[in-house]
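Below: the structure, in structure tokens.
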Amino acid sequence: MAGKVFFSVTMSLDGFIAPEERKDDPDAQRWMARWAELQQWAFPQRFFRENLKLGEGGEEGRDNDIARETFERTGASVMGKRMYDLGEPAWPEEAPFHTPVFVVTHEKRDPWERPGGTTFHFVNDGIETALDQAREAAGDRDVRIAGGGATILEYVNAGLIDEFSLTLAPVLFGSGTRLFEGVDADRVALEPVRAEPTRRVTHLTYAVRQR
């Protein structure tokens, strides 16, 4: 049986998943500081530290469990070219996915294999083809639409998302990349599945239904 298609992101209280683009921001350190504030709940977690080879130790608890569960349910990931371009110079040599990753792009490019089980495959004929390839690679595990926001929105509006989780952080950006900017609200309905507050954030999970 095929798994679900889902996405999982951290979002500010005012609906943004990233500050302004770095290319438009004269102060890259300020951009990174705001992004770090958004992701602050994840950095201390034991699983996060293990996965990025940041050393031993770290916090355990529900935040850590959710990070690990998200990783373990994922059999393949899909991302847009912009997310790939931003991540490529930042990811360690052993990229943190440890599964096949299908990059939606207009380029033709050979797969790029990294240590630790991550291979990037470049798909240049649309989001549905990328998802089909990811499903086949994932087997009975789930496919995660990793981002960025525009790619997630394409999959939502195409009716291809089964479920998503938002980690709501107590941060206000005021501007930046808004996750649901342009969502087709006449087609998409949400069914609450789970709400879990922790000390730092609130984890919200929704099933996606077509109206």
Side-chain angles (χ1 to χ4, degrees), residues 1-11 16-25 28 31-32 35 38-39 48 51-53 70-165 176-184 187-188 208 210:
M1 180 182 295
K4 294 179 180 179
V5 179
F6 78 105
F7 69 86
S8 177
V9 298
T10 300
M11 187 171 73
F16 297 99
I17 59 173
E20 298 89 345
E21 294 183 23
R22 272 182 283 183
K23 67 180 182 181
D24 298 327
D25 190 341
W31 191 100
M32 288 303 297
W35 184 84
L38 184 69
Q39 304 294 339
F48 186 89
N51 196 33
L52 288 180
K53 304 293 190 289
T70 300
F71 175 84
E72 290 177 348
R73 70 183 284 193
T74 301
S77 294
V78 176
M79 70 176 60
K81 182 61 160 52
R82 181 172 177 274
M83 180 178 178
Y84 172 81
D85 286 342
L86 289 172
E88 182 180 9
W91 292 318
E93 182 180 11
E94 187 174 314
F97 302 96
H98 306 288
T99 67
V101 178
F102 297 85
V103 181
V104 180
T105 179
H106 296 296
E107 294 183 60
K108 290 187 176 182
R109 180 173 167 179
D110 292 335
W112 187 43
E113 185 174 350
R114 309 301 297 144
T118 301
T119 300
F120 294 94
H121 302 269
F122 301 89
V123 182
N124 65 357
D125 50 354
I127 64 171
E128 294 194 19
T129 299
L131 180 57
D132 287 344
Q133 293 182 21
R135 283 187 187 277
E136 183 175 357
D140 60 359
R141 295 166 72 192
D142 296 339
V143 174
R144 181 180 184 182
I145 309 302
T151 300
I152 289 172
L153 191 64
E154 280 192 81
Y155 278 98
V156 171
N157 283 339
L160 297 173
I161 298 292
D162 300 310
E163 181 182 284
F164 66 83
S165 295
T177 300
R178 191 184 293 275
L179 177 59
F180 293 114
E181 189 78 48
V183 69
D184 187 353
R187 293 187 57 196
V188 178
V208 182
Q210 296 299 303

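Side-chain atoms are counted along with the backbone in the values below, which use heavy atoms only and exclude waters and symmetry mates.
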Review point. Would you say N51's side chain and P96's backbone share a donor-acceptor pair under 3.5 angstrom?
Key: yes
Exercise for review: Return the minimal non-hydrogen interatomic distance between L131 and V5, and the atom names on each side.
Suggested key: CD1-CG2, 3.8 Å
Exercise for review: Any chance you could lay out the side chain to side chain contact (heavy atoms under 4.5 Å, CB included) test for V103 and M79, step after step, and finish with the verdict?
Suggested key: CA-CA 5 Å; V103 181; M79 70 176 60; 4.0 Å; yes
Check your understanding: How about W35 and F16: are their ring centroids closer than 6.0 Å?
Key -> no
Point to revise | Aromatic contact, F122 with W112 (centres under 6.0 Å) | key: no
Practice item. Specify the closest pair of heavy atoms between A158 and I127, including all atoms of both residues, with the distance to one decimal. Key: CB-CD1, 4.1 Å
Check your understanding: Shortest non-hydrogen contact from Q39 to T10?
Key -> OE1-OG1, 3.6 Å
**Study point:** Side-chain (H121) to main-chain (P111) donor-acceptor, under 3.5 angstrom
**Key:** no
**Study point:** S77 and V143: CA distance, side-chain angles, deciding distance, side chain to side chain contact (heavy atoms under 4.5 Å, CB included) verdict
**Key:** CA-CA 6 Å; S77 294; V143 174; over 6 Å; no
Practice item. Output yes when a side-chain donor or acceptor of T118 lies under 3.5 Å from a complementary backbone atom of R114, and no otherwise. Key: no
Check your understanding: Under the 3.5 angstrom rule, does the side chain of D142 hit a backbone N or O of T74 as a donor-acceptor pair?
Key -> no
Review point. Checking R141 side chain against E72 main chain: does a donor-acceptor pair fall under 3.5 Å?
Key: yes
Check your understanding: Hey, is the main chain of I17 close enough, under 3.5 Å, to the side chain of R178 for a donor-acceptor pair?
Key -> no
Check your understanding: Do Q210 and R187 pass the side chain to side chain contact (heavy atoms under 4.5 Å, CB included) test, and can you show the C-alpha distance, the side-chain angles, and the key distance before you say yes or no?
Key -> CA-CA 5 Å; Q210 296 299 303; R187 293 187 57 196; 3.5 Å; yes
Review point. Under the 6.0 Å and 45° cation-pi test, does R73 pair with F6?
Key: yes
Review point. What residue pairs, at least two apart or across chains, pass ring pair (Phe, Tyr, Trp, His ring centres under 6.0 Å) with a residue in residues 141-164?
Key: F7-F164, F164-F180, F164-Y206
Review point. Which heavy atom of T99 sits nearest a heavy atom of A76, and at what distance?
Key: OG1-CA, 3.8 Å
